[in-house]
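Hydrogens, waters and symmetry mates are skipped; everything else that's a heavy atom, side chains included, is used. Naming: A, B, ... by sequence-line order, numbering from 1 per chain.
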Amino acid sequence: MHLWSKLFLPTLREAPADAEVASHKFLIRAGYVRQLSAGIYSYLFLAQRSMVKITGIVRQEMDKIGQEFYLPALNPREVWEASGRWTVMGENMFRLKDRKGADLCLGMTHEEVMTEIARKELRSYKQLPQIWYQIQTKFRDEPRPKSGLLRVRQFTMKDAYSFDIDAAGLDASYEKHRETYKAIFSRCGLKFVIVKADSGAMGGSGSEEFMVHTDAGEDLIASCEKCGYAANIEKATSKLEAVQDLAPEGDGRPLLVHTPGMKTIDDVAKFLGVSPRNKMKTMAMMAEVKAASASSSHKDGKPVLRPIVVMLRGDHSLSEAKLAAAVGSALPGAEIRPMVEDEIRAVFHSPAGFLGPVGLTRAEGDGQKVATLAKDGKSYSEGVILLVDSALQGRSNLIGGANQEDYHLKNVTPGRDFTPTGYADLRPVEAGETCPECGEGKLTVAKAVEIGHIFKLGYKYSESMGARVLDSNGKEVTPIMGSYGIGIERILTSAIEQNHDEDGFWLPPAIAPFTVVVVVTNVKDAALMEAAKKVAADLEAAGHDVLLDDRDERAGVKFKDADLVGIPYRVNVGRGVAEGKVEVFTRATKEKKEVGMNEVAGSIGSR
RNA sequence: CGGGGCGUAGCGCAGCCCGGUAGCGCGCCUGCUUUGGGAGCAGGAUGUCGGAGGUUCGAAUCCUCUCGCCCCGACCA
């Protein structure tokens, strides 16, 4: 039992001016955390208690499928060079030097270190499968920390890694994690959804994210109420209605039309009397590939530029995440940005506003070929990667820019009038489009926070770092890997986002720092104090974590504080005591009920 | 990194235009009264005005540089 009067629980009446989202405001007002620097927080008593409860649940569930390790946060450069990510991680990685001048970094994730162990130690298929996990601090130099604990530079992650002999094994390990994650988040009292996800910088094939719906979230997820399809907007697809193509004009070859001053899609469509759906949008992007210092041929250290032209239907927009995914394998670690004016002129020989795909010097071959070209470092700057959104596949007689001022082209048919480097899904779905799976439901798009992510990594790290085991035939094979993360603080923050009102928040009992706060309305009344101590002791005996508010404060002050700090139940010991009664208050519903002093423990929801 | 905003007491803010005494509310300390939804009265403490340089007799206030923090866009647990 803890006595409030002896604790340091610095609650505030007002939230700091720079806190925007609910969890940030309340974590500070309730005295859970204090900020040290941008994206760096100190966890005080209540936050730490909650964190310990959360990690306890995570550990209990993870121990059913894996083994807990504890790896160093301080990593030597070499292991990150081995996977190629010393360069790829760029500015997001905290880097430092030791006294001898050797490069080190603070771990952002631990594929490298785990794989290093596997590489050195695993020898035989008989040792597989393995699932290794840890709960540890991660460091990421985020470009923009924000929203209190939601996006920070130092945080706690449960990260797990699986090693299997083959794809079927990986499937099994992945499925174990999926089930374990469901158990963990359910026990933590969160309402969550599982969505298909983009694999991002981690590489690999399949991945799913565990998401909590909240407006404080930074992710968008598309879902179908009808069949349950759900995917991150970076990955979500939809079924588009067919568009009626225009009839060819003249001889059917690309036809120059004068469009004076018409730069936007809408202007041109209106001017020519067609729908934007019959137009093509040409987006000029530039990929900057950071020089891969040790492994590649570019020793000058300058980033290599590679133009990427994206064709979209006139009324569609570009998903930069999907573009990055489409280009990712060919240009690892590339940063993609819109071209600047000079670059547009160099590539198109035309001012912006009249850009089009016809006549561009594109890169040879299909997407695969581009990857090859990029890898041997020969043809970086030759030609343009011309990617066409799949919504334009099979379309004909489109209208696009002519690469000269005030002119557009009619009768443009992809594949005939220009040859794409490849087709890819490059646009974000929008709310109201048709579900790609059931073909019936309409998609909704909503904000969410990512609390967990599971990946089928494949061979990326085991291959690049040279992990090998002998199979049952004595043949050397590369183990296949998975990686699985949970953001511990985000369990806390998203629980607050899901459970708050204007007065404060209430955590699910399993992760609350205390399950019950016993409030004595007047500590100078010996009979009340006596009764409160007994009630508190009974609750503790019944397995609750009890906080006794024995401060010499007016009842109103204590009620306000109790409402604020996230404790799901409150027992008021006051005026009812004369009749042997106390009040049980459920924070979530604000319901009060009178119960006999001796029946309190039984009247509070299970913990 | 691009764009916007803010740094004055523990928290929330005013003062800055128009240079001269640093102020308000909450919180904190002491005493008395009060005691079921952030009490009342009386007394009290607390500031490198983010930092550096400059202008000036004089700078929180004007100028320059700088650091920090927050928000909006590209990344991720």
Side-chain angles (χ1 to χ4, degrees), chain A residues 10-21 24-25 28-29 31 34-40 88-92 108-109 135-159 181 197-202 207 209-212 217-219 232 234 285 288 318-321 323-324 335-338 340 449-455 483-494 503-504 519-525 528 552-564 570 572-577 582-583 585 590 592:
Chain A
T11 58
L12 300 175
R13 292 195 179 198
E14 288 175 284
D18 52 19
E20 300 261 321
V21 303
H24 187 196
K25 284 181 188 165
I28 293 187
R29 280 195 57 201
R34 288 294 183 259
Q35 182 174 28
L36 181 61
S37 179
I40 305 178
V88 170
M89 286 308 192
E91 305 243 271
N92 262 25
M108 325 175 45
T109 172
I135 296 170
Q136 193 230 27
T137 306
K138 298 286 186 265
F139 299 88
R140 298 185 183 177
D141 194 0
E142 290 290 336
R144 190 153 93 78
K146 58 177 287 203
S147 305
L149 284 193
L150 272 175
R151 166 148 245 90
V152 291
R153 298 197 289 173
Q154 169 175 342
F155 63 97
T156 313
M157 180 155 96
K158 187 290 299 173
D159 48 322
Y181 276 32
D198 179 36
S199 319
M202 309 297 283
S207 89
E209 290 165 329
F210 290 73
M211 299 290 225
V212 170
E218 302 179 272
D219 284 276
N232 194 301
E234 295 174 350
M285 309 298 286
E288 281 191 29
L318 174 65
S319 160
E320 294 200 23
L323 175 59
E335 284 189 12
I336 301 174
R337 54 166 174 82
V340 299
V449 167
E450 179 183 357
I451 52 173
H453 200 157
I454 54 179
F455 288 93
S483 106
Y484 317 89
I486 289 178
I488 303 295
E489 286 87 344
R490 282 193 179 172
I491 293 180
L492 174 60
T493 48
S494 53
D503 295 324
V519 171
V520 195
T521 56
N522 185 353
V523 295
K524 288 180 182 148
D525 184 325
L528 293 190
D552 184 10
E553 289 285 351
R554 294 164 64 87
V557 172
K558 298 201 205 183
F559 291 157
K560 287 288 184 190
D561 269 343
D563 285 349
L564 175 64
R570 186 174 92 210
N572 297 333
V573 178
R575 59 194 171 198
V577 166
V582 294
E583 241 169 28
F585 179 85
K590 292 198 164 176
K592 280 183 205 167

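A:Arg29 contributes no side-chain N or O that forms a donor-acceptor pair with the base of B:G12 under 3.5 Å. Between the side chain of A:Glu553 and the base of B:G38, no donor-acceptor pair under 3.5 Å is found. Applying the 3.5 Å distance criterion, the base of B:G37 shares a donor-acceptor pair with the side chain of A:Arg570. Judged by atom type and distance alone, A:Arg151 reaches the base of B:C75 through a side-chain donor-acceptor pair under 3.5 Å.
Here the P atom of nucleotide B:G37 and the CG atom of A:Leu564 are 18 Å apart, to the nearest Å. One interatomic measurement links the two molecules: CG of A:Leu150 to C1' of B:A77, which rounds to 10 Å at whole-angstrom precision. Look at CD1 on A:Ile488: it is 20 Å from P on B:C76, rounded to the nearest Å. For the pair A:Glu218 CD and B:C71 C1', the computed distance is 13 Å after rounding to whole Å. If you take CD of A:Glu20 and P of B:G12, they are 13 Å apart, rounded to a whole angstrom. A:Tyr484 has its OH atom 16 Å from the C1' atom of B:A77, to the nearest Å. The CD1-P distance, from A:Ile40 to B:C70, rounds to 10 Å in whole Å. Between A:Arg554 atom CZ and B:G27 atom C1' the separation is 16 Å, expressed in whole Å.
When the P atom is used for both B:C17 and B:A74, the distance is 40 Å, rounded to whole Å. One P atom belongs to B:U48, the other to B:U61, and the distance between them is 16 Å to the nearest Å. As rounded to the nearest Å, B:U33 and B:C70 have C1' atoms that lie 44 Å from one another. Taking the P atoms as reference points, B:U46 lies 30 Å from B:G19, given to the whole Å. B:A14 sits 30 Å from B:G54 when the P atoms are compared, rounded to a whole Å. Rounded to the nearest Å, the gap between the P atom of B:C18 and that of B:G47 is 31 Å. Rounded to the nearest Å, the gap between the C1' atom of B:G37 and that of B:C41 is 22 Å. Comparing the same atom, C1', in B:G53 and in B:G31 gives a spacing of 50 Å after rounding to whole Å.
Across all strands, A:Ser494 comes closer than 4.0 Å to no nucleic acid atom at all (heavy-atom distances). At the heavy-atom level, A:Val519 lies nowhere under 4.0 Å from the strands shown. When heavy atoms are screened at a 4.0 angstrom cut-off, A:Gln35 is found touching the sugar-phosphate backbone but no base atom. Base engagement by A:Asn572 is indicated by at least one non-hydrogen atom pair under 4.0 Å involving a base atom. Within 4.0 Å (heavy atoms only), A:Asp561 reaches at least one base atom of the nucleic acid.
In this structure, A:Lys558 and A:Lys524 both approach RNA chain B, and ranking their closest nucleotides by distance from the 5' end singles out A:Lys524. If A:Gly452 and A:Ile336 are placed on RNA chain B by their nearest nucleotide, the residue sitting closer to the 5' end is A:Ile336.
The shortest non-hydrogen separation linking A:Glu553 to A:Lys558 is O-CE, 3.5 Å. Considering all non-hydrogen atoms of both residues, A:Pro10 and A:Arg34 come closest at O-NH2, 2.9 Å.
With no hydrogens or angles considered, no side-chain donor-acceptor pair links A:Asp159 and A:Gln136 at under 3.5 Å. Side chain to side chain, A:Glu234 and A:Ser319 fail the donor-acceptor criterion of an N or O pair below 3.5 Å.
Listed candidates were B:C76, B:C71, B:A77. Nearest to the side chain of A:Asp219 is B:C76. Residue A:Lys560 has its side chain nearest to B:G38 when only B:G38, B:U35, B:A77 are considered. The nucleotide whose nearest atom lies closest to any side-chain atom of A:Glu320 is, among B:G38, B:A74, B:C72, B:A74. Comparing B:G73, B:U35, B:G36 by their nearest atom to the side chain of A:Ala555 picks out B:G36. The A:Lys592 side chain lies nearest to B:G36 when the options are B:A74, B:G38, B:G36. Closest to the side chain of A:Asn92, from the set B:C75, B:A39, B:C76, is B:C75.
For B:C72, the OP1/OP2 oxygens have a side-chain nitrogen or oxygen of A:Lys146 closer than 4.0 Å. At B:C69, one or more side-chain N or O atoms of A:Ser37 fall inside 4.0 Å of OP1 or OP2 (strictly under the cut-off).
Residues from residues 11-19 of chain A placing a heavy atom under 4.0 Å of any atom in RNA chain B, listed by number, are A:Arg13, A:Glu14, A:Ala15, A:Pro16, A:Ala17, A:Asp18.
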Every protein N/O within reach of nucleotides 43-46 of chain B N/O, cut-off under 3.5 Å:
none

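Remark: B:C75 base-pairs with no nucleotide; criterion is Watson-Crick or G-U wobble with both hydrogen-bond distances under 3.5 Å.
Separation of atoms CG (A:Asp561) and CG (A:Leu12) is listed at 10.0 Å; rounding is to 0.5 Å.
You can call A:Phe155 stacked on the base of B:A77; the centres are under 5.5 Å apart and the planes sit within 30°.
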